[in-house]
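Following: one structure in structure tokens, then a few remarks.
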Amino acid sequence: GVMLGSAALLALAAAPRSVRAQEAEPPLDPRLATDTVTFQVRRSVFKGLLVRPRVAAKRPGVLLIPDQRGPSPHWRGMARRYALEGFAVLLPDLLAPYNLPEGSDEGLNLMARIIPAEPQLALDAAADLLAKHPECNGSIAVIGHVWGGPYAMQFAISGARVKAAVIHYATLPSADRSATAKVPVLFHWAENDPRTAPQIEPLEKRMIGAGRVFESWVYPGVSAGFASETAGRTFNKEAADRAFDRTIFFLRRHLGVTG
């Protein structure tokens with residue numbers, strides 16, 4: 001298999017283990033409802049965390065793709081943050097069938113060996129579950145960071161399941177292929193990321209040439225991971241908050257206003 005985005009993930013993996021272990025889970029937020037859901041691909045049963053505002057309503061959905069280590073306190077916190085903005089958020093656990101300890105490097109190694117088509121099938125099933133959920137109005141977006149970015153881009157290229165995609169500092173398919181995206185895409189790039197920065201200009205040119213709807217933001221002075229793990233050494237709160245605000249604005253524009 002091919003490891004997608006290995007350089008940035010190695011940077012994240014370099015964060016001290018103790019920092020990750022000490023990341024405490026906040027108490028349940030009374031404003032939110034949270035359920036564990038399951039979905040199946042062939043014989044494998046996957047789990048996901050579904051978070052949305054407690055007041056029942058049909059809402060736009062967000063499929064939030066975690067990194068190869070699977071859900072962690074950080075990703076669950078991110079899911080809650082999007083849910084508080086009025087979205088039904090599904091955080092899938094692509095490692096659920098393997099019964100690994102949460103946050104282990106075994107997940108990283110396992111995902112590096114799996115062909116990319118396997119997680120894509122699981123993510124497709126997760127997107128279908130979210131779109132059909134009674135508290136989702138069927139209008140969903142996908143958000144991917146680093147490893148999840150190419151999968152988010154594939155959703156945009158296919159155009160079958162999502163109405164928008166948000167991608168953070170990911171190595172993407174060729175500019176020509178990315179420019180076939182059928183739905184609006186929001187890109188967040190890190191200026192100091194030699195792995196992804198060379199893609200930006202050719203990608204933007206092809207997207208413009210193909211008449212695609214997209215936004216592309218480059219965050220000065222930050223490295224890949226600036227909006228991912230808060231315990232990671234490249235995290236930058238100011239840039240992360242700006243990216244989050246732009247993401248919410250983008251989602252509301254393309255999925256409809258929520259409350």
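Computed from heavy atoms alone, side chains included, the values below leave out hydrogens, waters and symmetry copies. This one's a predicted model, so the numbers in the text were calculated from it and none came from an experiment.
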* Asked: Are a donor atom and an acceptor atom from the side chains of Ser223 and Tyr169 found within less than 3.5 Å of each other?
  -> no
* To do: Compute both the distance and the angle, then confirm whether Arg52 meets the cation-pi test with Phe87: under 6.0 Å from the six-membered ring centre, within 45 degrees of the axis.
  => no
* Asked: Does Asp128 come within less than 4.0 Å of Arg161, counting only side-chain N to carboxylate O?
  -> yes
* Asked: Do other residues, nucleotides or ligands put more than 12 heavy atoms under 6.0 Å from Glu191 CD?
  -> yes
* Is the shortest distance from a Lys or Arg side-chain nitrogen in Glu215 or Arg253 to a carboxylate oxygen in the other one below 4.0 Å? -> yes
* Do Ser216 and Trp189 have a side chain donor and acceptor closer than 3.5 Å? -> yes
* Asked: Minimum heavy-atom separation for Gly144 to Ile65, with atom names?
  -> CA-CB, 4.5 Å
* **Salt bridge present between Asp241 and Arg81 (N-O < 4.0 angstrom)** => yes
* In terms of ring plane angle, is the pair Trp75 and His145 parallel, tilted or perpendicular, where the classes change at 30° and 60°? -> perpendicular
* Asked: Is the shortest distance from a Lys or Arg side-chain nitrogen in Glu85 or Arg59 to a carboxylate oxygen in the other one below 4.0 Å?
  -> no
* How about Tyr219 and Phe226: are their ring centroids closer than 6.0 Å? -> yes
* To do: Mark yes when over 12 heavy atoms from residues, nucleotides or ligands other than Lys47 sit less than 6.0 Å from its NZ; otherwise mark no.
  => no
* Val45 to Pro97 - nearest heavy-atom pair and separation -> O-CG, 3.5 Å
* **Phe214 and Phe187 aromatic ring geometry - parallel, tilted or perpendicular at 30°/60° bounds** => perpendicular
